[in-house]
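Presented below is the structure to which this report refers.
Sequence lines set the chain letters: A, B, ... in the order given, protein chains first and strands last, and positions in each chain run from 1.
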There are 2 protein chains.
Amino acid sequence: MSEKKNQELRRAGLKITAPRLKILHILENTAAGHMSAEDIYKTLLSEGDDVGLATVYRVLSQFETAGLVVRHGFDENHAVYELETGDHHDHLVCQDCRKIIEFVDESIEVRQAEIARKHDFKMTSHCLYIYGICGSCQTDLPA
Amino acid sequence: MSEKKNQELRRAGLKITAPRLKILHILENTAAGHMSAEDIYKTLLSEGDDVGLATVYRVLSQFETAGLVVRHGFDENHAVYELETGDHHDHLVCQDCRKIIEFVDESIEVRQAEIARKHDFKMTSHCLYIYGICGSCQTDLPA
DNA sequence: GTCCGTGCAAAGGATTTGCATAATC
DNA sequence: GATTATGCAAATCCTTTGCACGGAC
C-alpha cells in the first residue's frame with residue numbers, strides 16, 4: 001500500500017524506516033500544506049508515534065537534499081516544509097491566520113528571468129512572498 | 001555636520017546617543033548596502049568603538065520600528081538591514097559572494113497587486129528574492 | 001534629577017551534533 | 001553482520017532580556 005512511499009525513499013537513496021515513512025505520510029496528508037519541524041513532531045506525538053525532534057529535523061534535511069520536499073522561510077523564526085510536486089509556485093501568506101495560498105504567474109516568471117539576465121546573473125532559484133490579510137481574516141477583524 | 005542624523009533620531013523619538021549615531025553612520029557608508037548585526041558590530045570594533053552586540057541588536061530593532069531601516073531575511077540564518085530610502089525595491093542575491101543588487105520592476109509590482117486582489121488578500125508587503133550567481137562569480141568559477 | 005540607554009552576562013528558541021543503541025539490508 | 005538511523009542530551013547559532021550603571025535632556 002505505501003509501496004509508493006518506499007520507492008520514493010529508495011530513489012532518494014534512503015533506507016525505509018518508520019520515521020521517514022511517517023513524516024512523508026504526514027506531509028502528504030496535511031491540510032495546511034506547509035509544516036514546520038515542530039508541527040510535524042507534534043503531529044507524530046499526537047498519533048502516538050515515538051519519534052525524536054532531532055530525527056524530524058534530520059529527516060526533513062535529508063528529504064530536502066533529495067528533492068522530496070522544499071523548505072521555505074516565510075517566517076523569520078522557523079522554516080516550513082512542503083512536498084516537492086515538481087511545479088514551481090509562489091506564495092501568499094496571511095499574517096493573521098498564517099494560511100498559505102500558492103499561485104503561479106507566468107508573466108512574473110518571465111520578468112524575473114529577464115531581470116536576472118539583464119544583471120548578468122545566472123538565476124538558480126527565486127521566491128516571491130506576498131504578505132497580507134486573507135479574506136476571512138479581514139471579515140473576522142474587529143470593526 | 002551630523003546634524004542631519006540628529007534630526008533623524010529625534011524624528012524617531014530616540015535620544016541622540018553615540019551608539020545610535022555610529023550605527024546610522026555605518027549603514028549610510030557601507031559599500032555592501034546590507035549588513036547584519038554582526039557585521040555592524042565588527043565594524044564598530046574595528047573602528048575602536050566600544051559598543052555591545054546587544055546594543056547593536058536593540059538599536060537596529062528600534063530603527064526598524066521607527067522606519068529608519070528595513071530588515072531582510074535573504075539568508076535563513078541571519079537578518080540583514082539596509083537604510084530605508086523610501087523607494088521599494090526587490091533583490092538579486094549572489095549565492096557565491098553574497099553581493100546584493102536592488103531592482104524595481106513595475107510590471108511585477110502590478111501583477112502582485114492583481115494576484116493579491118484576485119485571492120481576496122489585503123496586501124501589506126511583499127518580497128521577491130532572485131538567487132543566482134553574479135557575473136564576476138561566474139567568471140571566477142573553476143572551469 | 002529623572003528617565004532612557006548601554007554593557008555585560010545570562011536566557012531563549014530553533015536547529016544541529018555526539019554518542020551509544022537499535023534497526024535496515 | 002556491517003552500515004546507517006534513531007533518540008536523547010548537550011552544544012551551537014542568532015537574538016533577546018534582566019539588571020545595575022552611566023549618560024541625555
Side-chain angles (χ1 to χ4, degrees), chain A residues 2-3 5-26 34-45 47-66 68-69 71-81 98, chain B residues 2-3 5-26 34-45 47-66 68-69 71-81 98:
Chain A
S2 66
E3 186 51 39
K5 284 199 254 305
N6 292 0
Q7 287 177 21
E8 290 185 275
L9 291 177
R10 285 203 200 88
R11 209 179 306 139
L14 298 169
K15 289 183 178 174
I16 317 296
T17 67
R20 286 177 184 154
L21 287 172
K22 286 171 186 163
I23 291 173
L24 211 44
H25 182 257
I26 288 173
H34 300 73
M35 300 180 80
S36 69
E38 193 75 33
D39 291 336
I40 293 172
Y41 177 61
K42 284 178 188 157
T43 302
L44 284 166
L45 292 188
E47 295 181 351
D49 294 313
D50 190 18
V51 175
L53 179 57
T55 298
V56 175
Y57 276 106
R58 264 185 298 232
V59 168
L60 285 173
S61 177
Q62 293 159 342
F63 282 6
E64 191 193 6
T65 302
L68 291 176
V69 304
R71 174 193 213 157
H72 294 291
F74 305 130
D75 212 323
E76 292 260 320
N77 315 324
H78 64 285
V80 295
Y81 298 80
R98 293 280 112 194
Chain B
S2 64
E3 187 50 39
K5 285 198 254 302
N6 291 1
Q7 287 178 21
E8 291 185 273
L9 291 178
R10 285 203 200 88
R11 208 179 307 141
L14 298 169
K15 288 184 177 172
I16 317 295
T17 67
R20 286 174 183 156
L21 287 172
K22 286 172 186 165
I23 292 174
L24 211 44
H25 181 257
I26 288 173
H34 302 73
M35 300 180 82
S36 68
E38 192 75 32
D39 291 337
I40 293 172
Y41 177 62
K42 284 180 187 157
T43 302
L44 284 166
L45 291 189
E47 294 180 352
D49 294 313
D50 191 16
V51 175
L53 179 56
T55 298
V56 175
Y57 276 106
R58 263 185 298 234
V59 169
L60 286 173
S61 177
Q62 293 159 342
F63 282 6
E64 191 193 5
T65 302
L68 291 176
V69 303
R71 175 194 211 155
H72 293 291
F74 306 130
D75 212 322
E76 292 262 320
N77 316 324
H78 64 287
V80 295
Y81 298 81
R98 294 279 111 196

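Among the nucleotides D/dC14, D/dT17, C/dT6, the one closest to the side chain of B/Tyr57 is D/dC14. The side chain of B/Lys15 lies closest to C/dC3, out of D/dT16, C/dC3, C/dT16. Among the nucleotides D/dC25, C/dA14, D/dA9, the one closest to any side-chain atom of B/Ile16 is D/dC25. When the nucleotides C/dG7, C/dT15, D/dT17 are ranked by their closest atom to the side chain of B/Thr55, C/dG7 comes out on top.
Below the 3.5 angstrom threshold, one finds a donor paired with an acceptor across the side chain of B/Arg58 and the base of D/dG18.
No donor-acceptor pair closer than 3.5 Å links the side chain of B/Ser61 to the backbone N or O of B/Tyr57. Using a distance-only test at 3.5 Å, with no hydrogens or angles considered, no donor-acceptor pair links the side chain of B/Asn6 to the main chain of B/Glu3.
Computed from coordinates, the A/Leu9 CG to D/dT4 C1' distance equals 14 Å when rounded to whole Å. In this entry the distance linking NZ of A/Lys22 with C1' of D/dG7 reads 13 Å, nearest Å. For B/Leu53 and C/dT6, the CG to P distance is 14 Å, given to the nearest whole Å. A/Ile40 has its CD1 atom 14 Å from the C1' atom of C/dA14, to the nearest Å. Between the CD atom of B/Glu64 and the P atom of D/dT15 there is a distance of 12 Å, rounded to whole Å. Here C/dG13 presents its P atom at 16 Å from OH of A/Tyr41, a figure rounded to the nearest Å. Per the geometry, CG belonging to A/Asn77 stands 19 Å off P belonging to D/dC13, to the nearest Å. Residue A/Leu44 contributes atom CG, which lies 18 Å from atom P of D/dA5 at whole-angstrom precision.
Crowding of B/His25 atom NE2: a count of heavy atoms from other residues, nucleotides or ligands under 6.0 Å not exceeding 12.
Residues B/His78 and A/Gln62 both approach DNA chain D. Their nearest nucleotides, taken by heavy-atom distance, put A/Gln62 toward the 5′ side. Along DNA chain C, the nucleotide closest to B/Glu76 and the one closest to B/Asp50 are compared, and the more 5′ of them pairs with B/Asp50. In this structure, B/Glu38 and B/Leu14 both approach DNA chain D, and ranking their closest nucleotides by distance from the 5' end singles out B/Glu38.
Nucleic acid contact for B/Ala18: none, since no nucleic acid atom lies under 4.0 Å from a heavy atom of the residue.
Of the side-chain N and O atoms in A/Thr17, none sit less than 4.0 angstrom from OP1 or OP2 of D/dA5.
For the residue pair A/Phe74 and A/His34, the shortest heavy atom distance occurs at CE1-CD2, 4.0 Å. The two atoms that bring A/Leu14 and A/Arg20 nearest to each other are CB-NH1, 3.7 Å, heavy atoms only. Across B/Leu68 and B/Ala12, no two heavy atoms sit closer than the pair CD1-CB, 4.3 Å. Minimum interatomic distance between A/Pro19 and A/Thr55 (heavy atoms only, all atoms of both residues): CB-CG2, 4.0 Å.
Between atom CG of residue B/Leu21 and atom CG of residue B/Asp49 there is a gap of 11.0 Å, rounded to the nearest 0.5 Å.
Over its length, the helix from C/dG1-D/dC25 to C/dC25-D/dG1 turns its helix axis by 30°, as judged from the five terminal pairs at each end, rounded to 10°.
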